[in-house]
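Only this structure's heavy atoms are used, side chains among them; waters, hydrogens and symmetry mates stay out. A quick note: this is a predicted structure, and the numbers were derived from the prediction, not measured.
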Protein chains: 2
Amino acid sequence: MKLKAMYSFLNTDLREVEKELEETIQSDYAQLSEAALHLLQAGGKRIRPVFVLLAAKFGDYDIERIKHVAVALELIHMASLVHDDVIDDAELRRGRQTIKAKWSNRFAMYTGDYMFARSLERMTRLDHPLAHQVLANTIVEVCRGEIEQIKDKYRFEQNLRCYLRRIKRKTALLIAASCQLGAIVADAPKDVAERLYLFGYYVGMAFQITDDILDFTGTEAQLGKPAGSDLLQGNVTLPVLFAMENNEQLKAKITTVVRPETTPEEMKEIIALIKQTDAIEKSYELSDRYLHKALRVLETLPNNKARSTLYDIAKYIGKRDY
Amino acid sequence: MKLKAMYSFLNTDLREVEKELEETIQSDYAQLSEAALHLLQAGGKRIRPVFVLLAAKFGDYDIERIKHVAVALELIHMASLVHDDVIDDAELRRGRQTIKAKWSNRFAMYTGDYMFARSLERMTRLDHPLAHQVLANTIVEVCRGEIEQIKDKYRFEQNLRCYLRRIKRKTALLIAASCQLGAIVADAPKDVAERLYLFGYYVGMAFQITDDILDFTGTEAQLGKPAGSDLLQGNVTLPVLFAMENNEQLKAKITTVVRPETTPEEMKEIIALIKQTDAIEKSYELSDRYLHKALRVLETLPNNKARSTLYDIAKYIGKRDY
């Protein structure tokens, strides 16, 4: 089953979110609208809005309220992507030129700021202090994760904990917040909101680990950018950490070869060497452990259509061949 | 009278704000705390917190509530300075190395993001939906102003309206919001908050124009950076626009000479030529017109200590020799 088919019953509401997203980023300055729209139209899974809507189904679901949360979270995600591309010096994102590549780093910085500001503005349409607090705390953590990512670039001595803390802040917390905020704004019971937060956190961890694996196992066509892009940009992800574990020879090679100027040929060799180890398998095992925890949390929630959809999505993320 | 002496009766509360500012930017990541503290300790006038506190005096003044607003607005201001320095490729700010110069553009981008996020988090300590809305709308406008500033760099054909719109968004609206939010959070009457907003807007316009004049008339010691820095970075400010008006020869010269590679000697000549025109005088006249409007608004407000202090500050900004 394709991912989108799992939540086709949300299509009308997701179209509404999409429309609002487009409206929100409009600006009287054409180049800015163009840049933001460029990013918006590059697609993406809109997985955060999907989680928001599904979580809201555990409370009083009102698309007119909940859509603001969905729009805000997707905009924060997009703003962080724009800033990430500046940091990573990335040329391509989802098969399209990045904003920093098409325009400039400076323009990308402010485009990110603008989308970020727009997302806040959107959230303030909701009179819900707790929701604002949760969102603000999440943004602080996301920023910390981004800063850690710069700090940890090309740092091959980092341990597993360091990686996990980074992806927690960088990815998992925003997905956790999507689930939590959907529930909170729909006035779902407090313990349901807490469990949805936990579900989102576990799924988010699995999601990022899978993403980090795909950067090695995917093709350029699937990824929309060359394989090994993360490592080329100095991001030391889980498969790299596992590959270097108890393998001093490979570790020495990676540490020596990987730098901003690594050639595509050198990178291909490194990728091949990493894939020859058990690193991919071990990474999948850790992702599976997070997914298992996510599913266990789901079982404690009221049994409804939203729950079974969250189950399907979690299972989908765990699949190894997409 | 020195600026700080005017509001010495706020000293205890301003120290509280300062302490909270320092606490807020602490992070478990040392380099980030260091960078934020570097900027914080570079000083600055803390004029936004001062306006917040003074405006709150028109309502139920409670420093425990109002300090969050003061901290949030100063952090937003500082975050925008950090991002501005990336855009302007600035090496010095207030006589100190900028964060982008001392660390890197990328680090500066995330330091700005982090301070921005922290400011939001701080605001959410207040349960005041209208305040959040006003702040979010203001941030959107500030971002727009920043983007306009990139767009308008080295664009010598721009007119006065273009300049005024830019400084409105870039500076005046944040000062207007400081006044408005101080009043709103202290539950001052609605019309008082509106008039304080207007006062802040006029003062902010005068403040930025004066700042833009000083970039030509000030010494490097006064400015903490070389004179003519704005123009060197391609920012076409009011004195430049007035100098080029009806002076095709000077306009041709400026348009030809000013570019990112302009030498300090060339810039000195340009500055001298601009100062020989009536551009500085005309700029002061416009600043005076805004100040006059600000004072007129003040006269309609309840007569209290805060009002007379706002009056003194506005007068101070209008002084031509500080």
Side-chain angles (χ1 to χ4, degrees), chain A residues 24 27-32 35 72 76 79-80 82-84 86-89 103-151 153 165, chain B residues 24 27-32 35 72 76 79-80 82-84 86-89 103-151 153 165:
Chain A
T24 304
S27 146
D28 46 8
Y29 173 26
Q31 202 180 342
L32 184 60
I76 288 168
S80 82
V82 178
H83 281 186
D84 277 354
V86 175
I87 299 297
D88 289 338
D89 230 345
W103 288 278
S104 71
N105 269 336
R106 292 161 185 201
F107 187 67
M109 189 179 75
Y110 280 145
T111 303
D113 286 3
Y114 175 76
M115 294 175 86
F116 192 37
R118 278 295 195 195
S119 93
L120 295 175
E121 194 184 44
R122 177 55 69 139
M123 267 306 270
T124 62
R125 300 205 189 169
L126 287 173
D127 183 359
H128 203 304
L130 177 60
H132 294 168
Q133 267 168 35
V134 168
L135 192 73
N137 297 342
T138 307
I139 295 171
V140 168
E141 291 301 313
V142 171
C143 286
R144 281 184 168 168
E146 289 177 326
I147 290 165
E148 276 165 8
Q149 193 169 326
I150 312 182
K151 185 182 64 166
K153 262 174 193 270
R165 189 180 56 208
Chain B
T24 305
S27 145
D28 48 8
Y29 173 29
Q31 202 181 342
L32 184 60
I76 287 168
S80 81
V82 178
H83 281 186
D84 276 355
V86 176
I87 299 297
D88 288 339
D89 229 345
W103 288 278
S104 71
N105 269 336
R106 292 162 184 200
F107 187 67
M109 188 179 76
Y110 280 146
T111 303
D113 286 3
Y114 175 76
M115 295 175 86
F116 192 38
R118 278 295 195 196
S119 91
L120 295 174
E121 195 185 43
R122 178 54 68 140
M123 268 305 271
T124 61
R125 300 204 190 171
L126 289 173
D127 184 358
H128 203 305
L130 179 60
H132 295 168
Q133 267 168 35
V134 168
L135 191 73
N137 296 342
T138 306
I139 296 172
V140 169
E141 290 302 311
V142 171
C143 286
R144 281 185 168 166
E146 289 177 326
I147 290 165
E148 275 165 8
Q149 194 169 328
I150 312 183
K151 184 183 66 167
K153 263 175 190 270
R165 189 181 55 206

Enquirer: Find the distance between CE (B:Met115) and SG (A:Cys143) and round it off to the nearest 0.5 Å.
Expert: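 That separation rounds to 11.5 Å.
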Enquirer: Working to the nearest 0.5 Å, report the span between CE of A:Met109 and NE2 of B:His83.
Expert: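 Atom-to-atom, A:Met109:CE and B:His83:NE2 are 5.0 Å apart.
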Enquirer: How long is the span from the CZ atom in B:Phe116 to the CD1 atom in A:Ile139, to the nearest 0.5 Å?
Expert: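 Going from the CZ atom of B:Phe116 to the CD1 atom of A:Ile139 covers 8.0 Å.
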Enquirer: How close do A:Tyr114 and B:Arg144 get, counting heavy atoms only, and between which atoms?
Expert: CE1-CG, 4.0 Å
Enquirer: Within residues 120-128 of chain A, which residues come under 4.5 Å of chain B, heavy atom to heavy atom?
Expert: A:Leu120, A:Glu121, A:Thr124, A:Asp127
